Amino acid sequence: MAMASSIPNAPSAFNSQSYVGLRAPLRTFNFSSPQAAKIPRSQRLFVVRASDSEFEAAVVAGKVPPAPPVPPRPAAPVGTPVVPSLPLHRRPRRNRKSPALRSAFQETSISPANFVYPLFIHEGEEDTPIGAMPGCYRLGWRHGLVEEVAKARDVGVNSVVLFPKIPDALKSPTGDEAYNENGLVPRTIRLLKDKYPDLVIYTDVALDPYSSDGHDGIVREDGVIMNDETVHQLCKQAVAQAQAGADVVSPSDMMDGRVGALRAALDAEGFQHVSIMSYTAKYASSFYGPFREALDSNPRFGDKKTYQMNPANYREALTEMREDESEGADILLVKPGLPYLDIIRLLRDNSPLPIAAYQVSGEYAMIKAAGALKMIDEEKVMMESLMCLRRAGADIILTYSALQAAKCLCGEKR
């Protein structure tokens with residue numbers, strides 16, 4: 001065959017048996033041998049390989065190289081009924097049949113960048129465990145907090161939100177400690193910004209940690225939460241936080257008109273760059289119990305139903321959303337998270353603004369408790385719950401599982 005004569009020095013790696021009719025190579029040269037080294041360069045022969053066209057010609061001529069056989073169809077278990085195939089034009093399972101396909105077609109992703117890590121701080125040096133929230137602590141603002149932030153940054157979580165445990169002696173009916181420029185939160189912000197300048201710091205804007213009544217606003221003698229007077233206090237609180245270096249102030253109080261008032265107050269003081277994440281749809285939920293234990297901020301009397309939303313209401317969230325958008329909110333938050341996936345989706349479908357979800361203390365505690373009792377796989381349920389919040393439309397998630405989830409995403413063991 002002409003092909004054989006054109007490749008007199010084909011290398012031994014070329015398998016001539018793969019193509020019927022090709023003769024074995026006449027001889028080969030080992031260029032690393034001493035004998036080869038003595039041959040003058042001008043007299044050396046170079047290995048010639050068959051060209052693509054020659055391989056193609058062999059296949060066209062019917063000389064097809066062998067390949068592994070077609071795998072047999074897996075056998076069904078004994079007793080499986082023999083039935084005709086269903087006349088289906090579309091079988092969605094085809095796109096789920098392997099890990100590679102499932103990964104390729106995954107619609108929602110999650111990463112540590114999506115997490116905001118809520119951290120409790122107090123004036124003490126020691127980190128105090130929170131009984132109702134296993135794995136969470138009141139962190140000493142000088143040391144424990146800095147160490148926890150370092151751990152979070154190591155696995156890609158670079159956003160935190162601060163919640164202070166204020167000494168009872170500093171609480172008052174009007175919550176004046178909230179805007180003390182040298183208070184616990186402003187001091188902590190300055191410390192963190194000095195240590196980690198690129199850390200994104202969210203703050204909580206509300207009076208309940210500072211109020212002797214435990215409410216988010218000033219309480220009149222008849223029990224009414226005063227709206228406009230509270231907003232005045234919140235503006236001073238937000239400005240004090242911005243002066244300390246906060247990146248995002250987050251009014252969680254649910255007073256009417258507070259977003260517009262905060263925007264005006266911040267802009268008037270030169271803090272146009274400070275964002276507002278409004279607790280747009282914050283429900284009067286029973287899922288907040290462990291959080292209030294963490295901050296010792298239970299209302300001294302009554303409840304918060306005159307300012308937080310009714311859990312039975314859906315359309316009302318649109319009213320809150322439209323007001324916050326018109327007043328200048330930069331981010332809209334839904335709280336709680338998992339029980340309110342429909343509200344997250346409602347805001348996502350009706351607003352171009354980023355949507356935040358707060359996976360609250362009760363949600364966290366339930367997963368932890370069920371995991372401790374071996375009723376569920378804690379880590380898998382945790383990750384699934386966070387993915388569900390993302391799927392519903394949340395761009396960012398405030399979650400006490402931020403560090404644990406980020407380690408999981410990074411492949412670390414708990």
Side-chain angles (χ1 to χ4, degrees), residues 109-165 184-204 241 244-248 250 277 290-291 293-295 337 356-361 363-365 367-369 371-372 377-387 389-390 394-414:
S109 62
I110 192 165
S111 81
N114 299 124
F115 301 146
V116 179
Y117 194 10
L119 297 171
F120 301 109
I121 55 175
H122 69 150
E123 294 284 8
E125 292 287 337
E126 301 298 323
D127 299 338
T128 306
I130 299 167
M133 300 178 67
C136 292
Y137 298 81
R138 292 175 185 166
L139 300 167
W141 72 280
R142 293 181 187 84
H143 305 296
L145 172 67
V146 173
E147 292 170 3
E148 192 71 6
V149 169
K151 293 176 188 175
R153 286 166 58 88
D154 284 345
V155 288
V157 178
N158 200 43
S159 298
V160 300
V161 57
L162 302 174
F163 294 101
K165 163 57 174 75
L184 177 57
V185 170
R187 266 184 282 127
T188 300
I189 295 170
R190 296 199 299 268
L191 176 69
L192 289 177
K193 280 295 185 180
D194 181 66
K195 184 73 174 176
Y196 309 114
D198 63 333
L199 179 70
V200 179
I201 299 179
Y202 293 70
T203 58
D204 180 53
Q241 294 171 349
D247 299 286
V248 185
S250 310
M277 179 176 72
F291 175 93
E293 176 189 323
L295 295 187
Y358 199 143
Q359 187 179 50
V360 300
S361 57
E363 300 173 66
Y364 171 86
I367 293 174
K368 282 289 185 181
D377 184 315
E378 178 191 320
E379 190 170 274
K380 289 182 179 178
V381 170
M382 171 191 67
M383 296 307 298
E384 182 178 342
S385 69
L386 295 171
M387 185 65 77
L389 293 167
R390 287 276 293 147
D395 297 289
I396 59 173
I397 304 168
L398 284 68
T399 174
Y400 304 100
S401 299
L403 178 58
Q404 181 182 353
K407 286 181 178 180
C408 181
L409 290 170
C410 293
E412 294 188 16
K413 297 294 182 181
R414 283 190 293 145

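Hydrogens, waters and symmetry mates play no part in the numbers below; they use all other heavy atoms, side chains included. What you are looking at is a predicted structure, and each value in this text was computed from that prediction instead of being measured.
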Can you tell me how far OH of Tyr202 sits from CG of Leu162, rounded to the nearest 0.5 angstrom?
12.0 Å

Heavy-atom side-chain proximity of Pro290 to Ile130 below 4.5 angstrom
no

Of all the heavy-atom pairs spanning His122 and Thr128, show the shortest one and how long it is.
CE1-OG1, 3.5 Å

With sequence neighbours left out, write down each residue that passes side-chain hydrogen bond (donor to acceptor under 3.5 Å, both in side chains) with Gln359, or none if nothing qualifies.
Ser385, Thr399

May I ask you to test the Val149-Leu119 pair for a side-chain heavy-atom distance under 4.5 Å?
yes

Determine the minimum heavy-atom distance between Asp247 and Ile201, stating which atoms define it.
OD2-N, 2.8 Å

Value rounded to 0.5 Å, distance of OG1 in Thr188 from CD in Gln241:
11.0 Å

CZ of Phe163 to OG of Ser361: how many Å apart, nearest 0.5 Å?
10.0 Å

The criterion is side-chain hydrogen bond (donor to acceptor under 3.5 Å, both in side chains); which residues satisfy it with Glu126, sequence neighbours excluded?
none

Minimum-distance pair of heavy atoms, taken over all atoms of Ile189 and Ala244:
CG2-O, 3.3 Å

Identify the heavy atoms of His143 and Glu125 that sit nearest to each other, and give their distance.
CD2-OE1, 3.0 Å

Exactly one of Leu398, Ile110, Val155 should register a side chain to side chain contact (heavy atoms under 4.5 Å, CB included) with Phe115. Which one does?
Ile110

No-hydrogen, no-angle side-chain donor-acceptor test under 3.5 Å, Tyr117 and Glu148
yes

Closest approach of Ala246 to Thr203 (non-hydrogen atoms, all atoms of both residues):
CB-CG2, 3.8 Å

Evaluate side-chain contact (heavy atoms from CB on, under 4.5 Å) for Lys368 paired with Met133, printing each intermediate quantity in order.
CA-CA 8 Å; Lys368 282 289 185 181; Met133 300 178 67; over 6 Å; no

I'd like to know whether Arg390 forms a side-chain contact (heavy atoms from CB on, under 4.5 Å) with Leu386, so could you lay out the CA-CA distance, the side-chain angles of the two residues, the decisive distance to 0.1 Å, and finally the verdict.
CA-CA 6 Å; Arg390 287 276 293 147; Leu386 295 171; 5.9 Å; no

Taking atom CD1 of Ile397 and atom CG of Leu389, what is their separation to the nearest 0.5 Å?
5.0 Å

Between Glu363 (side chain) and Gly337 (backbone), is there a donor-acceptor pair under 3.5 Å?
yes

Hits for side-chain contact (heavy atoms from CB on, under 4.5 Å) against Lys195, two or more places apart or cross-chain, chain-then-number order -> Val146

Do Trp141 and Pro164 have side chains that get closer than 4.5 Å, going by heavy atoms?
no

Under the side-chain contact (heavy atoms from CB on, under 4.5 Å) rule, what do Met383 and Leu409 come out as? Steps first, then yes or no, please.
CA-CA 9 Å; Met383 296 307 298; Leu409 290 170; 3.7 Å; yes

Without swapping roles, check the side chain of Asn114 against the backbone of Asp395 for a donor-acceptor pair under 3.5 Å.
yes

Partner residues of Asp127 under the side-chain hydrogen bond (donor to acceptor under 3.5 Å, both in side chains) criterion, sequence neighbours left out:
none

My understanding is that only residues two or more places apart in sequence, or in another chain, count here; which of them pass ring pair (Phe, Tyr, Trp, His ring centres under 6.0 Å) with Tyr364?
Tyr400

Tell me, do Met277 and Ile396 make a side-chain contact under 4.5 Å, heavy atoms counted?
yes

For the backbone of Gln404 and the side chain of Glu379, can you confirm whether one donor and one acceptor N or O come within less than 3.5 Å of each other?
no

Checking Arg187 now: which residues fulfil side-chain hydrogen bond (donor to acceptor under 3.5 Å, both in side chains) with it, not counting sequence neighbours?
Glu123

